[in-house]
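Please read the structure below before turning to the comments.
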Amino acid sequence: MASAYDDFKALNAAIDSTPLIDNHAHPLLTPENAGTRSLLSIASEAGGDALEDSKASLAHLRAVKQLAAVLGCEQTWEAVVENAERKRLEDRDGWIRRCLEGIETILIDDGLDMSGRVETYDWHSNFTKSKCKRIVRIETVASDIIARLSTSPTASKAASVVLGEFVDQFTKEIGRYVKDPEVAGFKSIICYRRGLDIPTSKTHTIPEAEEALLEIVRAGVKADSPVSGFSLKRRLEHSPLNSLIVHYVAVVVRDARSSKPIQFHTGLGDTDITLTKSSPSHLQSFIEEYPDVRVILLHAGYPWTRETAYLATMYPNVYADIGEVIPYLSRQGQEGIVKQMLEVCPWTKVLCSTDAHGFPEMYLIATTQIRSVLKTVLGDLVRTRQLDEKQAVQLAQAVLHTNSKRVYNLETESPLPTFEQLGAFPYTITAPPLQGSSSNTNEAIIQKLQSLQAKYLRICWHDYTSSAKCRLLPIKQVYKALSRGKPVTVSVARAGLGLLQTDMMIPQINASGMYALRPVWSSLKPGPVAGHVSCFGEFTHADDGGGAEEVLCPRTVLRKTVEKAKARGLTFLLGFEVEFVVMERNSDATSPDKYLTLRNDGHAWSVARAFADWGRPGSFSTAADEVLDTLDAAGIEVEQFHPESAAGQFELVLGALPPLEAVDALLQARQILEAVSARHGFRVTLHPKPFAQSCGSASHMHMSISSAGGDLPATYEPFYAGVLTHLPAVLAFAYSNPTSYARMLDSAWAGGRWITWGTQNKEAPLRRVAASHWEVKVIDGLANPYFVVAAVLAAGMDGIERGTPLAWKDFPGDPAKLSAEERAALGIETMFPADLREALRALGEDTGLDLDSEFVRRYVDIKNAELEFLLDPLSPEDLRRWVLERY
């Protein structure tokens, strides 16, 4: 689904591309210990039965969707667990690398778990761009020392001696860590052990701390465990003693004039905390006592986020972290946290983290959600003009990277792009390479498909008879291929590009060989019906195993032409008008006419009463409402919709796009129009002349040269001179059916029979609108638009290469009403081919039109066979019915 902030290209690129410095996380479990914890813990701090209940939380459901998208599995927890375990078994390193993708470095608190259960902090550097650093948990250091004291002679001494020995060892060890370049900072979990209301150093009760320490030391260690803090029989959780430990660390850091911060767990935590004492506001006196010691308030202090932001704002040594709430809160909750933080806090004081622990999947969902939330919150700040986009980019880069780099004095490998460089980033990731695809791209495709709630994928193509074709794939089959890192392909017989409308093969081909039809994911859109998504495919060779391009592929024909133009420095914008006639289905089964003229009340061009019954069940106006909604949902821009002249005739005007995208959008719009109308009981036809005495239907194409200098006469005049020169050959593609020539009338606003042009002249086949913006009027809905656009571009490029002068003079009138002498004076001397056969001959004789000869030969062969075997034998009325059924 498109975001409201997709236009912020530099901001989105910055958020997507900035390597994240994770300023607080924990090690991954070793393979043999991975089963000792529940994967549910990646989205909840709860434990026991409460952890099971978390499956009904928004945070859990969001995690399921995101992991399912990456794993390419169903959006159920059971499927996620099964597939994640399979990933770890098949390629643990590869899976971890994927989960940690986009992370610059991790500052790892390795004091949560016993040694041997988790990987070492530096092992994680195998998966990050820069070396990981260590965060020393001070309570773990203290507990290890106490465990050693409990097994030494010191344990039998007086309490004051025991405390003195402990303080000496503890401060020396902290001092070593202060000097250790592998240590980025310290962390305290005093929030869990007694709360954050730490007394000042002047109000400490030393005797109580001595007695508390002596009790822990003399309780000893467990006999069946190695001597460490984890083996103590009594835990370090005494108020005066825990407070004393935090003060000693602050003193050592201050006296060493070190900039290494002390992180404090605040707010959100498991049931080990006393909630009322977890607010960071309790730390205010401690912060004031050590103004030279940097303090990091972890986890946004949730639910006391505004208190956290206040402290970071008012004290220069305090910084606010927004980790753990991402991914433990719902999306709305996370957005609220970031918004509350930015209400008052300078963005230079905000850090990000994942608080990931145990499982690589937590790193994945946390980093994904951090970026997603920043896009929404910062996009809204730009949209409401509280920030400009450049400031928002600075904010994003600061929170994701530069703030942590500065605060922890880190050396990192990745440079950050400038705002100008970000503006040029290829931000959208929905278009993988034609040949194969990376797993990352496959994941993006899966996410897109899931966001569209797809049940079926239609891979479409438009063949040489201008028939819309597709293959429908159940979405599970698509996910299966993508999740295995494979491209989605469909086998199609090579004869498929040589069939007539009745599936008859033309004589020049045989039934041997296969193509691989590969989806072009950049063309993916929802529709034409609910639960279906559609994209166009390009044919490649399947027989040689290499996936080489097929020159006969209709979309490839245009793509190659666009690439040639781009190599010459030319780019274009095209916009199509879709004229169509709505007909009612005939309930009389004995009648040869399946379709009847739409009942109307004096239907005419732009007449308002054509929309008078909008909303009435059974009216086409009501169907049109759904058509427009469906086009909008598909991201197809409709500039106008209005009645045309013939009974039941309407026109959709589509927005301008580059050539390939414009043709894709045109064909998708037709599919939506046809499908929605059919659901409402109507038949929509593109027949060029369904009623002999009424206006016909076309598919006019507006085009402009969008590259630099395109609006200069020196560029566009030879281009359109080339188009005019080659128009007889181009007409073989533009008017591809005998019925097309019934519309080719003089004095009917249909482009007429004479090759000429005029500014705002609707009687001319080429109408100049302004500068390089011209309208090609001699195209109808039976043409394959890939072919006709390729032909027009090739004709124009030939004009530029040859420097063809615009010998035709700008003519405002009707050339059919001029004498031969008057036309000659204006350069109007050539008429269009009178019928399809004549146009095909003109195409065959045109040596200057740079189109692949094999493609042209196939097109001519199909059209000749179509005429000989299908259309020539039909009477005019039978031909009319035949076209109405198919187009």
Under a 3.5 Å threshold, yes or no: a donor from one side chain and an acceptor from the other, between Asn33 and Thr36? no
Under 3.5 Å, is there a donor-acceptor pair between the side chain of Ser44 and the main chain of Ser41? no
Between Thr276 and Thr274: side-chain donor-acceptor atoms closer than 3.5 Å: no
Residues which pass salt bridge (Lys or Arg N to Asp or Glu O under 4.0 Å) with Asp180, listed by chain and number, not counting sequence neighbours: none
Is Thr308 reaching over with its side chain to a backbone N or O of Ala300, donor-acceptor style, under 3.5 angstrom? yes
How would you list all residue pairs meeting salt bridge (charged side-chain N to carboxylate O under 4.0 Å, His left out) that involve residues 231-254, not counting sequence neighbours? Glu215-Arg234, Arg235-Glu237, Arg235-Asp272
Walk me through it: do Arg406 and Glu411 pass the test salt bridge (charged side-chain N to carboxylate O under 4.0 Å, His left out)? CA-CA 9 Å; Arg406 182 185 73 254; Glu411 294 181 5; over 6 Å; no
Flag side-chain contact, heavy atom, 4.5 Å: Ile15 against Ser372: no
Within the 3.5 Å criterion, strictly below it, is a donor on Gln66 or Gln369 matched to an acceptor on the partner's side chain? yes
Could you pull out the closest heavy-atom pair between Thr128 and Thr105, with the gap in Å? CB-CA, 4.2 Å
Flag, side chain of Asn242 to backbone of His238, donor-acceptor distance under 3.5 Å: yes
Donor-acceptor under 3.5 Å (Arg218 side chain, Ala155 main chain): yes
Keeping to residues at least two apart or across chains, list the ring pair (Phe, Tyr, Trp, His ring centres under 6.0 Å) pairs with something in residues 101-126. Trp123-Phe127
So do the side chains of Ser143 and Phe230 get within less than 4.5 Å of each other, counting heavy atoms only? no
Could you check whether any side-chain heavy atom of Thr76 comes within less than 4.5 Å of a side-chain heavy atom of Val64, counting everything from C-beta outward? no
Decide side-chain hydrogen bond (donor to acceptor under 3.5 Å, both in side chains) for Thr200 and Thr203; before the verdict, give the C-alpha distance in whole Å, the side-chain angles of both, and the deciding distance to 0.1 Å. CA-CA 5 Å; Thr200 65; Thr203 58; 3.2 Å; yes
What heavy-atom pair brings Leu232 and Ala147 nearest, and what distance separates the two atoms? CD2-CA, 3.7 Å
Looking at the rings of His247 and Tyr290, which for Trp means the six-membered one, are their centres under 6.0 Å apart? yes
Partner set under ring pair (Phe, Tyr, Trp, His ring centres under 6.0 Å) for His60, not counting sequence neighbours: Trp77
Is there a side-chain contact between Trp95 and Val70 in this structure, where contact means two heavy atoms from C-beta onward sitting under 4.5 Å apart? yes
Checking side-chain polar atoms at under 3.5 Å, does Ser130 have a donor or acceptor matched by the opposite partner on Glu104? yes
Do side-chain atoms of His282 reach the backbone of Ser285 as a donor and acceptor pair under 3.5 angstrom? no
Ile206 meets the side chain to side chain contact (heavy atoms under 4.5 Å, CB included) criterion, sequence neighbours left out, with Leu163, His204, Glu210, Leu244
For residues 346-356, which side-chain N or O atoms pair as donor and acceptor with protein atoms under 3.5 Å away, sequence neighbours left out?
residue : atom : partner : partner atom : Å
Lys349  : NZ   : Ala312  : O            : 2.6
Lys349  : NZ   : Tyr315  : O            : 3.1
Lys349  : NZ   : Val318  : O            : 2.9
Ser353  : OG   : Asp321  : OD1          : 2.8
Ser353  : OG   : Asp321  : OD2          : 3.3
Thr354  : OG1  : Asp22   : OD2          : 2.5
Thr354  : OG1  : Ala356  : N            : 3.1
Asp355  : OD1  : His24   : NE2          : 3.1
Asp355  : OD1  : His26   : NE2          : 3.1

Does any donor atom in the side chain of Thr376 or Arg331 lie under 3.5 Å from an acceptor atom in the other side chain? yes
Could I get the full list of salt bridge (Lys or Arg N to Asp or Glu O under 4.0 Å) partners for Glu182, not counting sequence neighbours? Lys131, Lys133
Which pair of non-hydrogen atoms, one from Cys73 and one from Asn83, has the smallest distance, and what is that distance? CB-ND2, 3.4 Å
Hey, are the side chains of Tyr319 and Leu297 touching, using non-hydrogen atoms and a 4.5 Å cut-off? no
For Lys157, all residues meeting salt bridge (Lys or Arg N to Asp or Glu O under 4.0 Å), sequence neighbours excluded: none
Give me each pair satisfying salt bridge (charged side-chain N to carboxylate O under 4.0 Å, His left out) with a member in residues 260-270, each pair once, sequence neighbours excluded. none
Per salt bridge (Lys or Arg N to Asp or Glu O under 4.0 Å), Glu90 is matched among Lys87, Arg88, Arg86 by Arg86
Decide yes or no for Pro280 and Tyr310: does some side-chain heavy atom of the first lie under 4.5 Å from some side-chain heavy atom of the second? no
Is a side-chain donor or acceptor of Ser231 paired with a backbone partner of Pro226 at a separation under 3.5 angstrom? yes
Please name the pair of heavy atoms, one in Asn23 and one in Ser404, separated by the smallest distance, quoted to 0.1 Å. CB-OG, 3.6 Å
Selection residues 282-291 - residue pairs positive for salt bridge (charged side-chain N to carboxylate O under 4.0 Å, His left out), sequence neighbours left out: none
Measure the shortest side-chain to side-chain distance between Arg371 and Leu400 over non-hydrogen atoms and say whether it is less than 4.5 angstrom. yes
Kindly indicate whether the side chain of Arg148, heavy atoms from C-beta on, has any atom under 4.5 Å from the side chain of Ile145. yes
Checking Thr412 against Lys405 for the side-chain hydrogen bond (donor to acceptor under 3.5 Å, both in side chains) test, could you report, in this order, the C-alpha distance in whole Å, the side-chain angles of both residues, the deciding distance, and whether it holds? CA-CA 8 Å; Thr412 55; Lys405 181 175 181 177; 3.1 Å; yes
If you measure from the Lys or Arg side-chain nitrogens to the Asp or Glu carboxylate oxygens, is any gap between Asp110 and Arg134 under 4.0 Å? yes
State, to 0.1 Å, how close Pro360 and Leu28 come at their nearest heavy-atom pair, and which atoms those are. N-CD2, 3.5 Å
Only counting residues at least two apart or in another chain, list the ones meeting salt bridge (Lys or Arg N to Asp or Glu O under 4.0 Å) with Glu324. none
Under the salt bridge (charged side-chain N to carboxylate O under 4.0 Å, His left out) definition, can you give me all pairs with a residue in residues 111-125, not counting sequence neighbours? Arg37-Asp113, Arg92-Glu119, Asp113-Arg117
Please indicate whether Lys172 has more than 12 foreign heavy atoms, meaning atoms of other residues, nucleotides or ligands, lying under 6.0 Å from its NZ. no
Could you grab the distance from atom CG of Leu298 to atom NZ of Lys187, nearest 0.5 Å is fine? 6.0 Å
Test ring-ring contact (aromatic ring centres under 6.0 Å, His included), reference Phe264, set Phe286, Phe186, Tyr192, output is Phe286
Using modelled atom types only, decide if a donor and an acceptor are shared between the side chain of Ser54 and the backbone of Ser57 within a distance under 3.5 Å. no
Can you check side-chain hydrogen bond (donor to acceptor under 3.5 Å, both in side chains) on Glu165 and Gln169, steps first, answer last? CA-CA 6 Å; Glu165 181 64 24; Gln169 291 189 33; 2.9 Å; yes
So, Gln263 and Arg137: side-chain donor and acceptor under 3.5 Å apart, yes or no? no
Are Arg193 and Glu139 close enough for a salt bridge, meaning some N to O gap below 4.0 Å? no
